[in-house]
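Before any comments, here is the structure.
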Amino acid sequence: MSARLAIGIDIGGTKVAGGVVDGEGSVTHRARRDTPDRSKSPSVVEGTIVEVVTELMQLVGPQRVAAVGIGAAGFVAADRATVVFAPHLSWRHEPLREALQKRVAVPIFVDNDANAAVWAEWKFGAAQGETHVMMITLGTGIGGGILINGQVQRGRFGIAGEFGHMQVVPGGHRCECGNRGCWEQYASGNALVREAHSLFSANSPTASDLLDRVEGVVANLTGPLITQAARDGDPTARELLAEIGNWLGVGIANLAAAFDPGMFVIGGGVSAAGDLLLASARETFKRHLAGRGYRPEARIAAAQLGNDAGLIGAADLARYPAEEQTG
Ligand SMILES: [Zn+2]
């Protein structure tokens, strides 16, 4: 009972969320701070992380915490120590583990947030019992994680699973990464909002219900609001989500051709739309699958751990760094 608690920290663009996670993947204590804005130096963000870790350690007693895992949105090197690039933070080749390890007495590991999420969903969530799992997190962009036979597949340089930047439309929408036509420009929260905006600017009468919901202030339209409108039966909102689902299905069919997993787990904020999104994804996936009708088909399911997946996975990966090597 006393041992094996771990702390997980999920660093996003707006919040540093921390939790104490027990051996069953339950979050027993929580703490959070706002993420210092991008203009602040890396050491300010690190100070914030140490504050959250210290608060959590005091809540349960520092001697009961075996490790700290950090899940960050960004490219994390395969050594699980260095953040190579984080779009929402000032980290560029930042030696995060080394910086934090000077101030925290237990072992620390750093991971990409989607890698942490796929681990959590496999161990405690939707993908339990599966051998070949791919996680797709739909937020403002697309994050990805690959788990095969109990091991997170990080790639040679730690950057495997950046599915969001696979090109699906040659010459398509410009992406933050510098390329055009990336998958996340078509199947993400940002894509959903952009499509709604384009209906507004076309003065489409089909968008009047959505426009009423934001009292005419187009800038206030968000993904969750579109999802709510779809749940309430608004046909335009449903169509927008189905369209995102279609693009999701196209990309998943490509991933199936490359990896042949048994299951795709769909997480992230947009996945809260459930079957309003996944029904069209499944349909399009079947239509685009190579060798369809003559091969087994992967399942496509919603994630179960919600916003906690990154935090739980980061904690658990840090707690059992050796177990992951052996499955
Ligand atoms: Zn891109």
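Counting starts at 1 for both ligands and their atoms, following the listed order. What you are looking at is a predicted structure, and each value in this text was computed from that prediction instead of being measured.
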With a 6.0 Å cut-off on the ring centroids, do His132 and Phe259 count as close? no

Is atom CG of Asn254 surrounded by more than 12 heavy atoms (other residues, nucleotides or ligands) closer than 6.0 Å? yes

Between the side chains of Glu297 and Arg292, is the shortest nitrogen-to-carboxylate-oxygen separation below 4.0 Å, so that they form an ion pair? no

So, Asp22 and Thr28: side-chain donor and acceptor under 3.5 Å apart, yes or no? no

Protein N/O/S atoms under 2.8 Å of the Zn ion (ligand 1)? His165 ND1, Cys175 SG, Cys177 SG, Cys182 SG

Quick one: are Leu100 and Ile70 in side-chain contact, heavy atoms under 4.5 Å? yes

Could you tell me whether Gln128 atom CD has more than 12 heavy atoms of other residues or ligands within 6.0 Å of it? yes

